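Data block below; observations after.
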Number of protein chains: 2
Amino acid sequence: MRSGRITIADVARAAGVSKGAVSFALNERPGVAVDTRKRILQTAADLGWAPNQRARALSTSRALAFGLVVARPPEILAEDAFFPAFIAGIEAELVGSEYALVLQVVTPDQEHNGYRRLVRDGRVDGVLLTDVRTDDSRIPLLQSLSLPAVTLNRAQPTSPFPAVSIDDKPAVIAAVRHLIDLGHRDIAHVAGPSGYVHVVARRTAWAETLAAAGLPPGSLVQGDFSARGGASATRWLLDGPHRPTAIVYASDIMAIAGLAAARERGVDVPRDLSVVGFDDTPLAAHVHPALTTARADVVGWGRAATRALARLASGRAQPDVDCPPAELILRHSTGPPPRRRRAAAKRTAAERPTRTGLSDRPQKQGSPA
Amino acid sequence: MRSGRITIADVARAAGVSKGAVSFALNERPGVAVDTRKRILQTAADLGWAPNQRARALSTSRALAFGLVVARPPEILAEDAFFPAFIAGIEAELVGSEYALVLQVVTPDQEHNGYRRLVRDGRVDGVLLTDVRTDDSRIPLLQSLSLPAVTLNRAQPTSPFPAVSIDDKPAVIAAVRHLIDLGHRDIAHVAGPSGYVHVVARRTAWAETLAAAGLPPGSLVQGDFSARGGASATRWLLDGPHRPTAIVYASDIMAIAGLAAARERGVDVPRDLSVVGFDDTPLAAHVHPALTTARADVVGWGRAATRALARLASGRAQPDVDCPPAELILRHSTGPPPRRRRAAAKRTAAERPTRTGLSDRPQKQGSPA
DNA sequence: CAGAGCAGCTAAACCGGTTTATTGAACAAG
DNA sequence: CTTGTTCAATAAACCGGTTTAGCTGCTCTG
């Protein structure tokens with residue numbers, strides 16, 4: 001009578017067939033007559049029976065679950081809009097599938113044990129690798145554990161796992177070009193912690209765009225994706241001997257903290273300083289001034305990665321996947337550099353794209369051709 | 001040779017005992033001689049064997065996992081620092097235990113199906129209920145599914161499940177008193193979506209503290225915990241016929257958006273308007289002006305709730321648990337009301353607690369006696 | 001010194017599915 | 001009227017643990 005009580009044997013008895021027949025009917029395997037199948041399924045529905053995934057997991061030697069190991073200190077995790085959105089994407093893909101998501105949050109030094117534990121206990125059929133590093137030790141680990149995996153962005157060219165990627169560069173390139181077009185020549189970058197491929201991508205895009213425009217290398221400060229780190233990086237830049245007229249941050253959180261740090265120093269944004277973020281946090285449109293930033297479809301990223309992992313775990317081949325690249329969202333935190341420091345920017349007001357206000361329909365600027 | 005290959009039978013054979021003996025030895029059950037047990041465990045260690053949790057799950061009829069169903073739209077989820085911190089707390093407690101965390105993110109209308117699915121598939125041994133509503137339909141549902149559960153904050157007095165609670169009221173009461181002491185008489189509240197117990201608690205604390213001070217009821221606007229909602233609620237209050245001199249928000253995100261909305265209207269914080277948030281998001285200390293807000297130990301909350309659920313799932317009784325209440329953190333977004341609108345606040349500068357700057361050592365103000 | 005009691009261990013059933021080997025019936029071909 | 005195929009369905013083995021019932025040999029008791 002109780003929900004979990006009914007087993008395949010009950011259904012078999014009620015339908016007047018064997019356990020095997022029920023299993024075959026349910027899994028749409030040949031060897032069951034059409035009307036028998038119909039009768040079995042009807043009986044199952046009447047009894048409200050669904051196969052126990054624990055039993056299935058044991059007999060099929062699959063866990064029917066995917067794993068996500070998150071190795072970030074809680075503070076950074078709490079500040080980052082990436083994970084909730086990413087997990088929402090995973091779940092959107094998992095709903096209706098037979099898979100569940102097993103989450104494991106570990107301290108960075110316990111990261112490998114996190115994966116080992118998932119494998120040892122047979123908890124998952126595959127894992128999603130986020131925060132991929134350029135020389136990521138998890139790749140050989142997972143290879144040795146022979147656990148299917150999908151990486152978010154490609155770790156190394158030699159990685160044996162399919163990568164599902166979002167290209168951050170177009171948005172950063174567009175941001176730097178936008179600033180250059182406005183007349184900026186001193187464009188600094190507040191990067192994320194070294195080693196991460198997306199951090200490298202953003203930094204490289206910034207540096208190369210400056211170089212391509214014939215500008216000298218800008219100031220580079222390494223942040224840690226935290227508000228505090230963003231604030232102190234900003235103070236360091238503003239208090240330094242060569243104050244930049246624009247800062248491109250590797251994350252919105254750092255940029256928003258930078259906004260406050262600038263204001264504290266009496267530096268007006270965007271009059272004295274232009275600021276660009278990255279992520280398009282929901283808050284970005286609702287700070288003052290509204291933040292020019294880069295947007296990527298993180299939910300879609302989660303979906304695509306999960307889909308790829310499902311294919312991989314079912315033994316099918318899975319090529320790399322490229323999601324749509326990040327796009328620059330123009331708002332109000334960027335403008336021409338201050339006149340007293342620079343010759344007035346060639347005023348090409350007509351050229352400048354219209355800004356959106358605090359409305360939620362910011363204008364997208366496509367990635368450069 | 002491969003990691004997952006070794007079974008209990010291999011260990012039994014190698015140790016020269018039966019499967020049952022190995023199982024007994026591993027689970028520290030009587031009936032195995034001390035030296036035999038030692039030999040078995042040594043053999044297991046040598047072979048690198050650990051029991052397959054899938055098999056254990058089937059034979060013990062337990063899932064060895066807890067569930068967390070999150071029913072929030074992705075945007076709200078992405079803005080909220082609560083979940084990452086809470087999950088970090090759960091995991092901190094789960095590490096080293098035999099339990100894993102199964103996450104399920106669903107759309108609010110699919111919430112019940114989320115729980116049903118977890119139960120039907122036998123995925124979890126219990127669930128944690130967050131975002132508890134005053135008349136929460138999940139309580140009878142889980143009761144009918146006979147699934148152990150722990151609620152974060154008490155839903156109804158009649159709820160059959162243990163509640164692990166953090167009292168938000170002391171911090172809100174302290175905030176409102178603090179504003180009253182500064183001389184404010186028009187203190188508005190931007191609440192969260194109706195129905196949630198924590199939303200009600202915060203709103204009630206605000207209203208009652210005003211009443212207790214003999215002040216007329218303040219303006220109340222219902223927000224939705226989103227930045228956009230916070231901004232529009234703020235605009236509504238500032239543009240209304242009776243502009244408040246202080247606003248207490250039910251979340252930092254709404255408060256931070258409120259800061260920008262105020263600035264947009266030319267309203268200076270804290271000169272023209274005092275602002276109080278709730279959550280102490282890492283960003284709160286790094287906006288301008290640094291946000292006076294309430295802080296609770298969400299990680300500790302997650303730990304306590306998980307501990308309670310583990311006890312409950314193992315059949316032991318579990319009373320309600322009270323975690324330390326939220327505390328008011330004074331920063332720079334509150335100050336005396338503008339003179340032109342109010343008689344100057346009784347200047348009791350000496351009385352006013354020292355503010356902390358953008359430093360990360362804000363001063364706590366204990367909950368009122 | 002037989003029989004009770006018990007510690008220490010084994011064999012086998014069991015959890016609830018999936019999967020393989022096998023049987024039975026229907027039907028076509030020889 | 002056999003014989004050979006094919007399709008439908010079943011019985012039983014299996015996944016890898018846990019758990020119960022039972023067996024052995026030893027000690028203790030009367």
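What you see is a predicted model, and the numbers here were worked out from it, not measured in a lab. Naming: A, B, ... by sequence-line order, numbering from 1 per chain.
Contacts of A:Q318 classified as side-chain contact (heavy atoms from CB on, under 4.5 Å), with partners at least two apart in sequence or in another chain: A:P162, A:A308, A:R311, A:L312, A:V321. Residues satisfying the ring pair (Phe, Tyr, Trp, His ring centres under 6.0 Å) criterion with A:F24, sequence neighbours excluded, are absent altogether. Residues meeting the side-chain hydrogen bond (donor to acceptor under 3.5 Å, both in side chains) test with B:R117, sequence neighbours left out: none. Applying the side-chain hydrogen bond (donor to acceptor under 3.5 Å, both in side chains) rule to A:T107 yields the partners A:D109; only residues at least two apart in sequence or on another chain are considered. A:Q143 meets the side-chain hydrogen bond (donor to acceptor under 3.5 Å, both in side chains) test with no other residue; sequence neighbours excluded. Partners of A:R72 by salt bridge (charged side-chain N to carboxylate O under 4.0 Å, His left out), not counting sequence neighbours, listed by chain and number: A:D80, A:D131.
Looking at heavy-atom distances under 4.0 Å, A:V17 makes contact with sugar-phosphate atoms alone, never a base. Within 4.0 Å (heavy atoms only), B:G16 reaches sugar-phosphate atoms of the nucleic acid but no base atom.
In this structure a side-chain-to-backbone donor-acceptor pair under 3.5 Å is missing from B:T36 to B:V32.
Phosphate contact (OP1/OP2 of D:dG16, side-chain N/O of B:W49, threshold under 4.0 Å): absent.
Under the 4.0 Å criterion applied to side-chain N and carboxylate O atoms, A:R13 and A:D10 are assigned as salt-bridge partners.
Among all heavy-atom pairs drawn from B:F83 and B:V70, the shortest one is CE2-CG2, 3.5 Å. Taking every heavy atom of both residues into account, A:W49 and A:I8 meet most closely at NE1-N, 3.5 Å.
The distance between atom CG of A:D121 and atom P of D:dG16, rounded to the nearest whole Å, is 15 Å. Remark: P of D:dG17 and CG of B:N27 are 11 Å apart, rounded to the nearest angstrom. Spacing between atom CZ of A:R29 and atom P of D:dT10 amounts to 16 Å, rounded to whole angstrom units. Atom CG of B:L64 is separated from atom P of D:dG17 by 13 Å (rounded to the nearest Å). Here the P atom of nucleotide D:dT10 and the CD1 atom of A:I8 are 12 Å apart, to the nearest Å.
Applying the ring-ring contact (aromatic ring centres under 6.0 Å, His included) test to pairs two or more places apart or on separate chains, those with a residue in residues 89-113 of chain B are B:F66-B:Y99.
Residues of residues 33-41 of chain B having a heavy atom closer than 4.0 Å to DNA chain C, listed by number: B:A33, B:T36.
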Show each protein N/O and nucleotides 21-28 of chain D N/O combination with a separation under 3.5 Å, one pair to a line.
none

Atom pairs, protein N/O to nucleotides 12-15 of chain D N/O, distance under 3.5 Å:
from	atom 1	to	atom 2	distance (Å)
D:dC15	O2	A:S59	N	3.4

Result block: side-chain N/O donor-acceptor pairs under 3.5 angstrom for residues 296-305 of chain B, not counting sequence neighbours:
from	atom 1	to	atom 2	distance (Å)
B:D297	OD1	B:V299	N	3.4
B:D297	OD1	B:G300	N	2.9
B:W301	NE1	B:V164	O	2.9
B:R303	NE	B:E93	OE1	3.0
B:R303	NH2	B:E93	OE1	3.3

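The side chain of A:P51 lies closest to C:dG17 when the candidates are C:dG17, C:dT10, D:dG17.
Side-chain contact between B:L141 and B:E111: absent, with no pair of heavy atoms (C-beta onward) separated by less than 4.5 Å.
Summarising the geometry, atom CD belonging to B:E91 is positioned 5.5 Å from atom CG belonging to B:L94; distances are rounded to the nearest 0.5 Å.
Comparing the helix axis at one end of the helix from C:dC1-D:dG30 to C:dG30-D:dC1 with that at the other, each defined from 5 consecutive pairs, gives an inter-axis angle of 70° (nearest 10°).
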